[in-house]
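Just follow the structure's listing: the first ligand is 1, and inside any ligand the first atom is 1.
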Amino acid sequence: MRYLTFALTKGRLAKKTLDVFERAGITCEEMKDPASRKLIFVNEEHKLRFFLAKGPDVPTYVEYGAADMGVVGKDTILEEGRSMYEVLDLGFGKCRMCVCGPESARELLRHQELIRVATKYPNIAKDYFYNKRHQTVEIIKLNGSIELAPIVGLSEVIVDIVETGSTLKENGLQVLEEIVSLSARMVVNQVSMKMENQRIGELLRNLKEVLAE
Ligand code: PRP
């Protein structure tokens, strides 16, 4: 039997994913060693391999089949637009993709003004403003600390992830519009889904049972 390979999003999502696997009776002790610099981990019993990658790279590994399956945020799935199957909502990593800004920006949105939108998610922002809102905007790509943009005058609004809302609150910003709800999802390579249908189906049934507990 060949190994089924999993690409996990480094950080909190990977930790929570491994917890779910563990509850399904699939453990990977060597992955828990925080001092380890190893990149790939094996569970011999179930013939599974796991590796950690940056979120936006997970869909890339899965589309090309370097990983049969992956766990990644819905935000990254939407932003990367890769060809793969989304098969399971893991129910953790829950948050929302929102248009945020100072209260004063509400009017600019209402009047469909030509505003600047700073974001780490240019494709999601483009789709929302162009295809859903039919509003022409200027998208400015940033790589982090997006909340800074309206404060220092780089943009009028931002498109960003809101979890607890405390980052917005502490910076005097608000949710102006909600774009989509997000959470961690399991994704599968399209060829793997056909070639390993039985194993993947069984694994998904196991995981779903654990998630329903
Ligand atoms: C994310 C997001 C917000 C914050 C939202 O940033 O971009 O800034 O978390 O969380 P909250 O609603 O609970 O405050 P992250 O910490 O991932 O880092 P980044 O700013 O580098 O994107």
Side-chain angles (χ1 to χ4, degrees), residues 6-20 31-32 34 39 50-62 67 70-82 86 88-106 108-109 115-133 135 137-187 211:
F6 268 85
L8 304 182
T9 299
K10 212 185 262 187
R12 260 187 304 174
L13 286 193
K15 210 179 156 296
K16 290 200 168 176
T17 304
L18 292 172
D19 287 346
V20 173
M31 205 149 175
K32 290 184 193 157
L39 294 172
F50 298 90
F51 66 84
L52 300 175
K54 287 267 187 191
D57 294 340
V58 168
T60 311
Y61 283 108
V62 173
V71 172
V72 64
K74 179 71 179 176
D75 52 323
T76 307
I77 295 175
L78 293 170
E79 182 61 25
E80 298 300 316
R82 294 281 182 180
E86 186 186 316
L88 185 61
D89 184 342
L90 291 156
F92 50 76
K94 278 194 178 154
C95 48
R96 303 179 291 156
M97 185 66 70
C98 298
V99 180
C100 312
E103 188 56 44
S104 59
R106 215 179 276 279
L108 303 176
L109 286 171
I115 51 174
R116 288 166 300 179
V117 180
T119 186
K120 204 154 84 173
Y121 300 91
N123 293 326
I124 294 175
K126 244 178 252 166
D127 179 62
Y128 180 69
F129 278 98
Y130 284 76
N131 300 331
K132 301 222 170 69
R133 263 186 137 275
Q135 177 175 1
V137 296
E138 186 178 341
I139 311 272
I140 302 172
K141 158 92 197 221
L142 289 179
N143 293 293
S145 302
I146 316 298
E147 291 83 358
L148 260 179
I151 299 172
V152 299
L154 176 65
S155 70
E156 282 72 37
V157 299
I158 62 175
V159 164
D160 201 16
I161 290 172
V162 180
E163 192 181 351
T164 61
S166 55
T167 309
L168 289 178
K169 200 166 166 214
E170 283 181 36
N171 291 291
L173 304 173
Q174 325 232 7
V175 171
L176 302 172
E177 285 170 16
E178 185 171 328
I179 300 176
V180 65
S181 294
L182 307 168
S183 58
R185 308 292 163 92
M186 192 162 281
V187 292
L211 291 171

- Note on the structure: ligand 1 to Ser145, heavy atom cutoff 4.0 Å, flagged ligand atoms 19 (P), 20 (O), 21 (O)
- In terms of atom number and element, which parts of ligand 1 are under 4.0 angstrom from non-hydrogen atoms of Lys120? 19 (P), 22 (O)
- Item | Distance from atom 4 (C) of ligand 1 to nearest protein heavy atom, with residue and atom | Thr167 OG1, 3.7 Å
- Message: Between ligand 1 and Gly165, is the shortest N or O to N or O distance under 3.5 Å?
- Response: yes
- Any N/O pair Asp160/ligand 1 closer than 3.5 Å: yes
- Query: Under 4.0 Å from any heavy atom of Ser166, which atoms of ligand 1 are there?
  - Reply: 12 (O), 14 (O)
- Within 4.0 Å of atom 12 (O) of ligand 1 (strictly less), any protein heavy atom? yes
- Under-4.0 Å heavy-atom contact between protein and atom 15 (P) of ligand 1: no
- Query: Any idea which protein heavy atom is nearest atom 5 (C) of ligand 1, and the distance to it?
  - Reply: Ile161 O, 3.4 Å
- Report yes or no: does Tyr121 contribute a side-chain atom to a donor-acceptor pair with the main-chain N or O of Thr76 at less than 3.5 Å? no
- Message: If the test is side-chain contact (heavy atoms from CB on, under 4.5 Å), which one of Glu80, Lys120, Met97 qualifies with Asp75?
- Response: Met97
- Query: Protein heavy atom under 4.0 angstrom of atom 18 (O) of ligand 1, is there one?
  - Reply: no
- Just wondering, are more than 12 heavy atoms of other shown residues or ligands nearer than 6.0 Å to NZ in Lys141? yes
- Validation row: Val72, Leu13 side chains within 4.5 angstrom (heavy atoms): no
- Query: Can you check whether Cys95's main-chain N or O pairs, donor with acceptor, with Glu163's side chain at less than 3.5 Å?
  - Reply: no
- Query: Taking all atoms of both residues into account, what is the closest heavy-atom pair of Ala105 and Glu156, and its distance?
  - Reply: CB-O, 3.9 Å
- Output yes when a protein non-hydrogen atom is found under 4.0 Å of atom 7 (O) of ligand 1, and no otherwise. yes
- Flag yes if more than 12 heavy atoms outside Tyr61 fall under 6.0 Å of its OH atom; otherwise flag no. no
- Message: At less than 4.0 angstrom from any non-hydrogen atom of Thr164, what atoms of ligand 1 do you find?
- Response: 11 (P), 12 (O), 13 (O), 14 (O)
- Message: Need the ligand 1 atom indices (1-based, order shown) with element for anything under 4.0 Å from a heavy-atom of Val162.
- Response: 12 (O)
- Task: Decide yes or no for Leu211 and Leu90: does some side-chain heavy atom of the first lie under 4.5 Å from some side-chain heavy atom of the second?
- Result: yes
- Query: Which atoms of ligand 1 have any heavy atom of Glu147 under 4.0 Å away?
  - Reply: 3 (C), 8 (O)
- Item | Flag side-chain contact, heavy atom, 4.5 Å: Phe129 against Val99 | yes
